[in-house]
Protein chains: 2
Amino acid sequence: MPDRKLYELHASICQSLSHPKRLEVIDRLRAGAMSVTDLADSLEISQPNLSQHLTLMRQKGIVTTHREGLNIYYRLANPKIVKACDLMREVLLEHLEASAALARG
Amino acid sequence: MPDRKLYELHASICQSLSHPKRLEVIDRLRAGAMSVTDLADSLEISQPNLSQHLTLMRQKGIVTTHREGLNIYYRLANPKIVKACDLMREVLLEHLEASAALARG
DNA sequence: TTATAATATGCGCGAATTCTAACATTAGAA
DNA sequence: TTCTAATGTTAGAATTCGCGCATATTATAA
């Protein structure tokens, strides 16, 4: 696979994490699988909108699903996703702290 | 700071990594600082376009700059950025491998 | 079969992203 | 000061994204 294609795929992974509600989905799924309805209640967004986000995340390999009767449960596809998110959160907090320190003089 | 704002900032960090050329910038800067011209040559994109990407990355705290005469050198602001990128790359590769295994039956 | 709950999909529009091309700025040299 | 190299900025067009809304699908129950 050419590097160019890999960078594009890599970017599309990051893209699937670059929405507040999708990051919140990841946080909710840290503890384990959840149904769409429970996620929609927890995130306070409409079911169709959540479904759109989940479809995207499934296509990118961020989450996987399994059905139990009427419910479909989503879980994180790879524990490294949580680690990556945590690292980016740390980068954010350290940047905020550095900016605040600068502002304080 | 409210959670909602933190998720938005977190998403904007991810957003700044969700472009093939910006990911390539990060790879180029792993070894240390580089000037804009050298980066533009290495990435094969126009200097103004690269400058736009770099401006975005600087605003999000991904890179920092220092000037030496005519040149401005960019470096990674935080080593955790590389770690996060590496993890996401691993998630990608593992997803690709799993998909390929599925296709093989 | 009909009804209902859970989830997914298609469409249209406004907003955001990305690129190109022209122009502006900055710093050093002549 | 004038010139030039390095970098940054702006405007506009094309593309993509995100959401609301209506509708479709899927599985179970009656």
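The chains referred to below are lettered A, B, ... by the order of the sequence lines, with proteins before strands, and numbering in each begins at 1.
- Per the geometry, NZ belonging to B:K21 stands 13 Å off C1' belonging to C:dC19, to the nearest Å.
- At a threshold of 4.0 angstrom between heavy atoms, the contacts of A:Y74 are confined to the sugar-phosphate backbone, with no base atom among them.
- Distances shorter than 4.0 Å separate some side-chain N or O of A:T55 from OP1 or OP2 on C:dT9.
- With hydrogens and angles ignored, a donor-acceptor pair closer than 3.5 Å exists between the side chain of B:Q47 and the base of D:dG8.
- Across the protein-nucleic acid pair, B:I72 atom CD1 and C:dT25 atom C1' stand 10 Å apart, rounded to whole Å.
- For B:I45 and C:dT18, the CD1 to C1' distance is 11 Å, given to the nearest whole Å.
- Contact between the side-chain N/O atoms of A:H19 and the OP1/OP2 oxygens of D:dC19 is found at a separation under 4.0 Å.
- The base of D:dT7 is not paired with the side chain of B:Q52 by any donor and acceptor separated by under 3.5 Å.
- One can place CG of B:L54 at 16 Å from P of D:dA6, the figure rounded to the nearest angstrom.
- Contact between the side-chain N/O atoms of B:H53 and the OP1/OP2 oxygens of C:dC19 is found at a separation under 4.0 Å.
- Between the side chains of A:S42 and A:R28, a donor-acceptor pair is found at a separation under 3.5 Å.
- Judged purely by distance below 3.5 Å, without hydrogens or angles, the side chains of A:E68 and A:H66 pair a donor atom with an acceptor atom.
- Taking atom NZ of B:K60 as the reference point, atom P of C:dA16 lies 12 Å away to the nearest angstrom.
- The CG-C1' distance, from B:D38 to D:dA6, rounds to 11 Å in whole Å.
- Projected onto DNA chain D by closest heavy-atom contact, A:G69 and A:R22 fall at different nucleotides, the more 5' of which corresponds to A:R22.
- No more than 12 heavy atoms of other residues, nucleotides or ligands lie within 6.0 Å of NZ in A:K83, so this atom counts as exposed by the packing criterion.
- The distance between atom CD of A:Q59 and atom P of D:dC17, rounded to the nearest whole Å, is 11 Å.
- For C:dA6, the OP1/OP2 oxygens have no side-chain nitrogen or oxygen of A:R67 closer than 4.0 Å.
- In this structure, A:R89 does not pair ionically with A:D86, as no charged nitrogen and carboxylate oxygen lie closer than 4.0 Å.
- Side-chain atoms of A:Q15 stay outside donor-acceptor range of the base of D:dT16, with no qualifying N/O pair under 3.5 Å.
- Between A:V82 and A:R30, some side-chain heavy-atom pair lies under the 4.5 Å cut-off.
- Residue A:N49 places at least one side-chain N or O closer than 4.0 Å to OP1 or OP2 of D:dC19.
- Summarising the geometry, the separation between CD on A:E68 and P on D:dT28 is reported as 11 Å, rounded to the nearest angstrom.
- Projected onto DNA chain C by closest heavy-atom contact, A:L70 and B:L56 fall at different nucleotides, the more 5' of which corresponds to A:L70.
- For D:dT7, one of the phosphate oxygens OP1 or OP2 lies less than 4.0 angstrom from a side-chain nitrogen or oxygen of B:N71.
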